[in-house]
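What you see below is based on every heavy atom in this structure, not just the backbone, and it leaves out hydrogens, waters and symmetry mates. Both counts, for ligands and for their atoms, begin at 1 and track the order of listing.
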Amino acid sequence: MSTSRPPARRAAELRRLLEAHNHEYYVLDAPTVSDAEYDRLFRELQALEQQHPDLLVPDSPTQRVGGSAASQFAPVRHAVPMQSLNNCFNEDELRDFDRRVREGLGVEMVDYVAEPKLDGLAISLTYERGVFTRGATRGDGETGEDITANLRTVRSIPLRLGGEPPKLIEVRGEVYMPVAGFAQLNREQEKAGGKTFANPRNAAAGSLRQLDPKITASRPLAFAGYATAHREGWTPPATHMDVLDQLKRWGVPVSAYAEKVRGPEGCLKYFQKIGARRAKLPFQIDGVVYKLNALAGREELGSVSRAPRWAIAHKFPAEEAETICEAVEFQVSRTGALTPVARLKPVFVGGANVSNAGLHNMDEVARKDVRAGDTVVIRRAGDVIPELVRVVVEKRPRGAKPVETPSRCPACGGRAEREEGELVAYCTNKLGCVTQIQASLSHFVGRHAMNVEGLGEKLLTTLVERKLVRTPADIYRLDVPVLAELERMGEKSAANVIDAIVHSRRTTLERFLLALGIPDVGEATARDLARHFGDLEPLVEAARADLPTAHAEKARDRCPRLQEVPDVGPTVAVHIAHFFAEPGNLAVIRELREAGVQWEPVKRAASAGPLLGKTFVITGTLPGLGREQATELIESHGGRISGSVSKKTDFLLAGSDAGSKLAKAGKLGVPVIELAQLQKMIAGKK
Ligand code: IVH
């Protein structure tokens with residue numbers, strides 16, 4: 001060893017050595033030096049950096065102990081959205097997935113790569129010229145949080161890529177906590193009187209969300225990469241297996257269990273094999289992921305609503321446990337529905353403590369015949385809401401009585417009624433039940449609805465109890481002096497809330513429709529309604545015109561105008577028609593608009609035109625027309641755009657450099673047209 005060399009060179013050499021030893025230890029599980037030797041090199045580098053602070057770089061191994069604490073995480077917009085996976089739970093669903101893939105690609109047999117589905121958190125790591133510069137959480141898939149400082153402390157994440165890294169590469173993978181480390185952490189937490197974690201996933205999440213990276217550094221986290229995303233100066237190889245190999249060459253750990261498998265049979269065999277080893281694996285998994293091996297096919301298949309068509313998670317069956325149902329109580333929802341809930345003796349199942357299980361409606365209560373005192377089987381899988389599977393009737397205590405439909409609202413004491421054909425009873429005290437009003441207002445101001453920040457549950461309850469707010473329109477009549485009068489509300493916070501209220505008036509039709517709280521109208525339906533009708537008036541008109549048919553005998557004859565909206569079935573259509581027939585609802589809508597609530601009309605999906613009913617796929621470069629313009633041209637003449645070629649495609653609009661989609665259209669016999677032909681079709685000439 002020579003310490004007489006220029007400090008900069010020595011520091012660089014030490015960093016390289018330490019990272020190499022780190023990789024051997026944490027990734028390859030095959031150290032080549034003793035801990036003492038590692039420590040000695042480490043301390044030498046630390047000393048050098050102390051003497052020459054200019055030599056300290058963020059990717060120095062000494063920085064893995066964690067830098068200074070942050071006050072919050074900055075948002076990071078993902079260059080390529082971070083998608084999630086669709087799930088399947090059995091062989092049939094897996095075969096359906098495989099069939100869709102084969103049909104989408106027009107092939108007979110498909111190679112997949114099967115990997116364990118690690119139970120941790122999806123993470124994005126950006127390397128610029130091989131240096132780790134940014135790490136982010138998935139967040140909502142579009143925007144995550146910058147947790148670079150924390151990720152630097154995860155030993156198996158390389159701070160610098162080996163081999164010949166490209167100008168820019170984003171690596172994606174999972175941060176998780178191995179079970180041994182998890183057990184040890186909980187023992188330590190318990191000893192120190194700190195909080196213990198329910199499962200390794202929560203522990204990993206909690207550790208990564210620390211504002212102080214020193215805490216993260218003390219947690220036994222690990223990383224496994226499974227994809228690349230944004231890139232510059234690098235062309236991905238042909239297959240996923242090659243991507244994993246490339247990641248390995250860069251020094252990124254990847255699952256040692258990834259395997260190429262053939263067709264659904266290969267997938268199922270792998271699933272059995274991993275399932276049998278599950279309990280002995282050093283990390284927790286909740287299933288297996290199958291991914292199309294050929295990357296070109298992935299592009300061809302594309303995605304549906306944030307999940308790729310080319311991959312699926314095959315989940316292990318949900319865990320079950322027995323416990324006691326202590327009572328069946330009723331919760332008041334924003335519509336006044338009294339929904340039964342089983343209150344349970346807390347039980348640990350599927351990685352969490354469960355003390356409630358929703359029972360949905362009285363039919364379900366009757367079908368399962370749940371009674372207070374019963375021993376019940378609870379099922380819960382990962383993030384899924386716990387479910388009461390069945391009652392162990394043999395263990396029923398004597399005298400346990402069946403649950404009755406409540407005659408009083410448990411929240412306000414008002415009369416509860418169950419109409420014929422309804423599955424639950426409703427609190428009839430619509431205008432006086434504080435819980436009910438509060439719940440509907442809470443929905444109205446929610447993030448995906450009117451998005452009024454600062455108007456939280458507590459404040460809403462106070463406002464409703466003091467009779468300051470009853471309908472959504474009342475919210476827009478509040479002012480600073482009124483709010484400032486309330487307990488724990490200064491001028492400043494009152495002004496902030498009013499600001500947020502004023503701000504929320506500019507909204508979109510979609511948000512407004514969601515905010516109204518029409519039964520069964522969630523985000524997707526609100527969006528479809530907005531796109532179909534373009535504005536509120538045509539929707540209200542259609543609803544009015546449809547009202548007389550709301551009780552038609554055949555479901556498909558009910559509310560035909562509303563059922564024209566994609567994905568709107570008879571039940572939702574009838575709810576919509578009833579909602580807009582209620583004078584009280586129309587009055588609130590009028591008041592809201594008078595208070596300044598407004599939106600831009602939505603560009604409607606054309607319901608007429610020469611291309612009506614035809615589905616187009618676009619590929620290649622069109623002469624003088626961008627993708628968006630081409631889409632707009634087709635949609636404005638009644639056509640539909642789809643992302644991938646299938647048997648349902650009517651035309652493939654192809655420009656120059658058309659690739660796999662062209663070949664696929666050829667295989668499926670889908671007619672291929674050029675822009676000039678499209679223009680002729682629009683002009684009405686064939
Ligand atoms: S691939 C577009 N591979 O599962 C697909 N995900 O439900 C990107 N996960 O958010 C994910 N192990 O956090 C992939 N081997 C694996 C995985 C895996 C765990 C997680 C990941 C993702 C979630 C999707």
Nearest-contact summary for [atom] - protein heavy atom, Å:
atom                    : result
atom 19 (C) of ligand 1 : L118 O, 3.2 Å
atom 5 (C) of ligand 1  : L85 CD2, 3.5 Å
atom 9 (N) of ligand 1  : E174 OE1, 3.5 Å
atom 10 (O) of ligand 1 : A122 CB, 3.6 Å

Would you say the side chains of [X] and [Y] form a donor-acceptor pair under 3.5 Å?
X    : Y    : value
N361 : E364 : no
Y226 : E174 : yes
S124 : E170 : yes
T133 : E128 : yes

Quiz item: Looking only at non-hydrogen atoms, which of Y290, Y226, W310 approaches atom 22 (C) of ligand 1 most closely?
Solution: Y226
Quiz item: Considering only heavy atoms, which of K117, R298, K291 lies nearest to atom 3 (N) of ligand 1?
Solution: K291
Self-check item: Under-4.0 Å heavy-atom contact with ligand 1, by part of V289 that carries it
Solution: side chain
Exercise. Please confirm whether the backbone N or O of L159 pairs with a side-chain atom of E19, one donor and one acceptor, at under 3.5 Å?
Key: yes
Quiz item: Where the side chain of R640 meets the backbone of F616, is there a donor-acceptor pair that is under 3.5 Å apart?
Solution: no
For [X], counting its heavy atoms only, list the atoms of ligand 1 lying under 4.0 Å from any of them.
X    : answer
P116 : 12 (N), 15 (N)
E115 : 3 (N), 15 (N), 16 (C)
Q83  : 2 (C)

Quiz item: Do the charged groups of K269 and E265 touch, with an N to O distance under 4.0 Å?
Solution: no
Exercise. Decide whether the shortest distance between a heavy atom of R172 and an atom of ligand 1 is less than 4.0 Å.
Key: no
Quiz item: Is the closest heavy-atom distance from P308 to ligand 1 below 4.0 Å?
Solution: yes
Quiz item: Partners of R187 by salt bridge (charged side-chain N to carboxylate O under 4.0 Å, His left out), sequence neighbours excluded?
Solution: none
